[in-house]
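Whatever order the structure lists them in is the order used to number ligands and atoms, beginning at 1.
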Amino acid sequence: MENLLKEALDALHKAADKTELQEIYNTYLSKKGKVAGLMAQMKDLIAEEKPKFGAKVNVLKQTLEQAYSEAQERIHQQSILSNLEKDKIDLTLPATKLKVGTLHPLTLVQKEIEEHFIAMGYLVKEGPEVERDYYNFERANIPQDHPARDMQDTFYINMDWLLRTHTTAIQTRTLEEYNGKTPVKVICPGKVYRKDDDDATHSHQFVQIEGLVVGEKISLADLKGTLELLAKRMFGESRVIRFRPSYFQFTEPSVEVDVSCHICNGKGCSTCHQTGWIEILGAGMVHPNVLRMAGFDAEKVSGFAFGLGVERVALLKYGIDDIRHLYTNDLRFLSTFTRFE
Ligand code: PHE
């Protein structure tokens, strides 16, 4: 018995992992193990010997069980330590840099303008870029053969279809959809196309956002207030705007809108060509013909509309000197816009 105890304790002390420990358990402590084997020998002893022998085996068994659970705990602790060692992270290693994309400056400006108007209860309306002559021109009060068509050099697909020249086409579609119902309060963002020669300030394709409000007692003063808020949002709190008379076929009266220069605060600089003012958009009161064609009672309701070029706002806001930077997708240029998000 003593040999067995010594041998088993020795093995338990040396056991290095769970498998070894399990083997020792099987050898000594399991139902078919050596300790159980000792118990089985009892039946061969004479009656007086049995209690003494039984007590001894019990002590042996308890000692071994105690040593077994101590060995278990020791191995458990060791495995925690060795796992910690294995999983050690070297915080001094250089990190893998993740390249994060940025939003395009045109997207940033478009988002900002959309958010500005959505917050005031406007809906955002979109429409097709391949558009019918009808919505692009006729419904905007520009009939066939009218000289006003020359104001916008158009990519025609055939007699009836063209690439829309302005997002006014979305407005005429929207008016048709509302069919006389007010209030109409929408902005219409989208790409437009014109047969322009590309240079630092022109592109044959660009992005417009137009706004349209129709309802009772909508006046030029509402238009002015609305655009002044927009100018402040895009170019800073101290901006003011001014109207100059202009001409569009679909608005009457029509105005050209200038914003006080955000670079020199109106004193005069190269950005504003020493005038203190920067022209940013066209606008006006929706022409009664346009309203009538869409089923509105032009005696009872009125509306204003405005249209701005997103590129132009982006160039001014971010001080970009050439519109082509917005299309050539040079990452060195685009990646500078992270800070504007
Ligand atoms: N559609 C005009 C353009 O593209 C802009 C505009 C929109 C003017 C709405 C007045 C009212 O130049």
If the cut-off is 4.0 Å to any non-hydrogen atom of Gln208, which atoms of ligand 1 fall inside it?
3 (C), 4 (O)
Does Arg164 reach the main-chain N or O of Pro128 with its side chain, forming a donor-acceptor pair under 3.5 Å?
yes
Taking it one step at a time, do His325 and Tyr318 satisfy ring-ring contact (aromatic ring centres under 6.0 Å, His included)?
CA-CA 12 Å; His325 285 311; Tyr318 301 136; over 10 Å; no
Taking only heavy atoms of Phe250, which atoms of ligand 1 are found under 4.0 Å from at least one of them?
1 (N), 2 (C), 6 (C), 7 (C), 8 (C), 9 (C), 10 (C), 11 (C)
Can you find an N/O atom of Glu210 closer than 3.5 Å to an N/O atom of ligand 1?
yes
Should Gln171 be counted as touching ligand 1, given the test is an N or O pair under 3.5 Å?
no
N/O donor-acceptor pair under 3.5 Å between Glu129 side chain and Leu163 backbone:
no
Ala305 heavy atoms within 4.0 Å reach ligand 1 at atoms 9 (C), 11 (C)
If we set the cut-off at 4.0 Å for heavy atoms, which region of Arg194 has an atom near ligand 1: side chain, backbone, both, or neither?
side chain
Does Ser254 reach the main-chain N or O of Phe248 with its side chain, forming a donor-acceptor pair under 3.5 Å?
yes
Under the 3.5 angstrom rule, does the side chain of Ser302 hit a backbone N or O of Ile218 as a donor-acceptor pair?
yes
Who's the nearest protein heavy-atom neighbour of atom 9 (C) of ligand 1, and how far?
Phe306 C, 3.6 Å
